[in-house]
Amino acid sequence: MPYEPYMKELIKKVETTRSARIQAAKEGKHFPRLSEADGMKLMKEFHPDYKEGTKRQLAVGPSKGKVVPNELADILEAKSSLNSGTVDLSRIDYDVDVLVIGGGGAGSAAALVAQEHGARVLIATKLRHGDANTMMAEGGIQAADKPNDSPPIHFLDAIGGGHFSNDPQLVKTLTHDAPSVIQWLEHLGVMFDKDPDGTMRTLHGGGTARKRMHSAGDMTGAEIMRTLRDEVRNRTDIQVIEFAPALELFTDHEGRCAGAILFNFETEKYTVVRAKTTILATGGLGRLHIQGFPTTNHYGATADGLVLAYRAGASLCFLEATQFHPTGVIFPEQNIGLLITEKVRGAGAQLLNADGEQFVYPLETRDVESSAIIRECSERNKGIRTPTGRFGVWLDSPMIEVLKGPGTVARDFPAKYRQFGRHGIDISKEPMLIYPTLHYQNGGITINSQAETEVPNLYAAGEVAGGIHGINRLMGNSLLDITVFGRIAGKSAAEKAKQTQPGEITLQHVQKFHEELKKAGVGDGRISPILLPDYVGKIG
Ligand code: MEZ
């Protein structure tokens with residue numbers, strides 16, 4: 001659906017202010033950036049995380065007393081569909097060294113490295129191999145590999161982006177390993193954007209002091225996922241089972257993780273996997289649609305790994321904070337919630353209100369940027385109304401054509417160019433209409449720098465793990481995190497498997513958790529993991 005005539009009238013206001021804005025940008029004059037204190041103040045007023053009545057304390061489990069969004073608490077304080085009597089645990093279908101649960105970027109990287117360390121590896125994935133948030137990531141992956149940059153500068157940016165809440169040891173590992181991970185990915189076949197002389201092209205993301213965002217057009221995640229998946233599939237000794245989500249972990253009599261039970265979507269049968277070590281790489285929670293927000297996330301992002309690990313005894317961290325990406329599509333209606341990469345702002349595009357005025361520095365951290373947009377559309381009443389009564393602000397992509405030369409938008413943002421083009425909107429000539437969208441699970445399962453959880457023989461990597469980003473992640477640190485910690489988890493799990501005898505598999509922790517729920521008087525009737533989002537009767 002192209003812009004309606006009244007929207008085209010409003011776009012004229014954007015065009016009126018464009019040449020002065022471009023001139024200012026060329027002179028290095030920017031909209032003032034907020035101080036840490038002013039950013040925090042803005043967030044407390046407008047960021048969804050601070051909205052009253054949207055979170056509650058967990059009543060049971062290892063993180064009892066911690067506050068999480070209600071939608072997440074609902075599935076953490078819920079019963080398993082299994083108990084000790086449901087399945088015959090004497091029949092073991094697969095007996096492996098390392099079980100990887102999740103077939104996205106983190107799971108695939110983990111499987112590759114575990115196999116290189118001599119482990120017999122099985123990947124179990126809920127949908128198809130590669131159906132993951134990795135595939136949805138657009139703009140880039142951070143690594144301090146240019147002469148004017150360094151891992152310590154990257155470290156400071158990541159810590160600042162997390163408002164000083166991140167686990168410093170995890171950030172050190174993330175930023176230190178980044179340059180070698182880029183080399184590893186390139187060696188496997190990832191085609192990063194380069195200048196004609198072979199130099200990696202890098203841009204700024206929000207909250208970064210150096211240009212260190214490496215990209216593959218606006219499909220960086222898809223390119224990384226394609227490469228990792230191909231590599232796994234080429235190593236035929238790594239087994240992959242698709243359409244087989246994990247329903248529950250197994251623990252042995254010492255409380256160590258001992259594998260998982262899978263549910264096969266196609267056959268509707270259970271599969272029992274005994275594993276010496278297990279890696280959770282199940283991704284995030286976007287499809288819980290926190291506070292009713294649309295999401296950038298893939299269809300399977302239903303927080304399954306958090307539920308499984310929590311019942312088995314792993315604590316959770318930083319889940320009180322959810323990331324809303326500032327630039328989700330708000331028009332055309334068919335695409336609501338889909339990601340418009342931060343790389344668009346990294347390339348020079350600015351955010352503008354209904355009067356064509358800039359109201360925020362374009363590369364604030366995501367939580368601050370989102371808060372400014374929400375304020376513009378609510379308190380300041382300067383949002384642009386869509387035909388169905390939603391509000392958004394303009395993202396002035398045509399600026400990029402002027403700043404960087406004609407054809408840049410189609411070349412550097414081919415996916416967005418085509419996506420909007422299908423609706424009769426040429427984003428090299430007309431701005432995009434955006435509003436914050438639910439993007440990322442900032443926190444997750446507590447891990448250390450070896451990717452170990454608090455449950456022996458259970459590891460976690462990627463979006464399911466917490467602590468690396470604290471309460472707010474910077475752009476491009478997710479594709480980095482899945483690769484760095486996926487690789488570490490693979491190595492740690494394979495090495496541990498060498499010293500581990502397979503344990504007896506039980507669901508005793510589930511029974512214990514059910515008793516705790518009963519004692520606390522919560523969770524009656526709710527079953528989790530939910531595996532797939534429930535939209536029945538909710539779309540109107
Ligand atoms: O790290 C991300 O979330 C990312 C690359 C998203 C984007 O804006 O492109």
Side-chain angles (χ1 to χ4, degrees), residues 104-106 132-143 154 157-158 161-162 174-175 178 181-182 185 190 192-193 201-208 211-225 283-286 295-298 301 321-329 335 337-349 351 362-370 373 395 397 400 409 412-417 419 427 432 434-444 462-463 468-486:
N133 282 345
T134 303
M135 193 64 115
M136 316 294 279
E138 296 179 356
I141 172 167
Q142 287 205 47
H154 186 180
D157 284 348
L174 178 84
T175 53
V181 146
I182 295 287
L185 289 171
V190 172
F192 287 110
D193 295 331
R201 250 191 252 152
T202 50
L203 282 178
H204 271 300
T208 58
K211 292 182 178 177
R212 72 170 77 87
M213 204 67 55
H214 301 61
S215 56
D218 56 354
M219 292 174 273
T220 316
E223 172 63 2
I224 290 175
M225 191 67 247
L285 55 54
T295 185
T296 60
N297 283 197
H298 85 111
T322 307
Q323 182 163 90
F324 295 84
H325 194 293
T327 57
V329 178
N335 289 353
L338 294 190
L339 180 64
I340 297 168
T341 175
E342 193 166 317
K343 190 181 167 194
V344 176
R345 281 173 287 137
L351 291 172
L363 289 173
E364 295 282 3
T365 55
R366 286 178 174 171
D367 43 9
V368 174
E369 194 86 3
S370 293
I373 297 167
L395 175 59
S397 44
I400 300 172
V409 168
D412 288 358
F413 303 98
K416 291 300 110 178
Y417 186 71
Q419 186 183 314
I427 62 166
M432 294 179 258
I434 62 93
Y435 192 76
T437 175
L438 177 53
H439 185 56
Y440 190 75
Q441 172 189 300
N442 288 311
E463 196 167 345
I468 304 163
H469 313 291
I471 56 168
N472 182 56
R473 177 178 65 77
L474 294 184
M475 173 195 180
N477 274 351
S478 175
L479 286 175
L480 179 60
D481 148 8
I482 59 161
T483 327
V484 167
F485 286 94

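Heavy atoms only: backbone and side chains are in, while hydrogens, waters and symmetry mates are out. Both counts, for ligands and for their atoms, begin at 1 and track the order of listing.
- Contacts between R345 and ligand 1, counted as non-hydrogen atom pairs separated by less than 4.0 Å, are absent for every part of the residue.
- Between H439 and ligand 1, an N or O atom pair is found at a separation short of 3.5 Å.
- The distance criterion of under 3.5 Å between nitrogen or oxygen atoms is not met by Q323 with respect to ligand 1.
- Listed for the Q142 side chain is a donor-acceptor partner under 3.5 Å among the backbone atoms of M475.
- Ligand 1 is never approached by K343 to a heavy-atom distance shorter than 4.0 Å.
- Remark: D157 pairs with R212 by the salt bridge (Lys or Arg N to Asp or Glu O under 4.0 Å) rule, at least two apart or across chains.
- Inclusion of G139 in the set of residues having an N or O under 3.5 Å from an N or O of ligand 1 is warranted.
- Distance alone, capped at 3.5 Å, places no donor-acceptor pair between the T437 side chain and the H325 backbone.
- At least one heavy atom of H325 sits closer than 4.0 Å to an atom of ligand 1.
- Some N or O of R473 is nearer than 3.5 Å to an N or O of ligand 1, by distance alone.
- Close contacts between ligand 1 and E138 involve ligand atoms 9 (O) [criterion: under 4.0 Å to a heavy atom].
- Near G476, meaning under 4.0 Å from one of its heavy atoms, ligand 1 places the atoms 1 (O), 2 (C).
- Ligand 1 lies out of reach of M136, whose nearest heavy atom is not under 4.0 Å from it.
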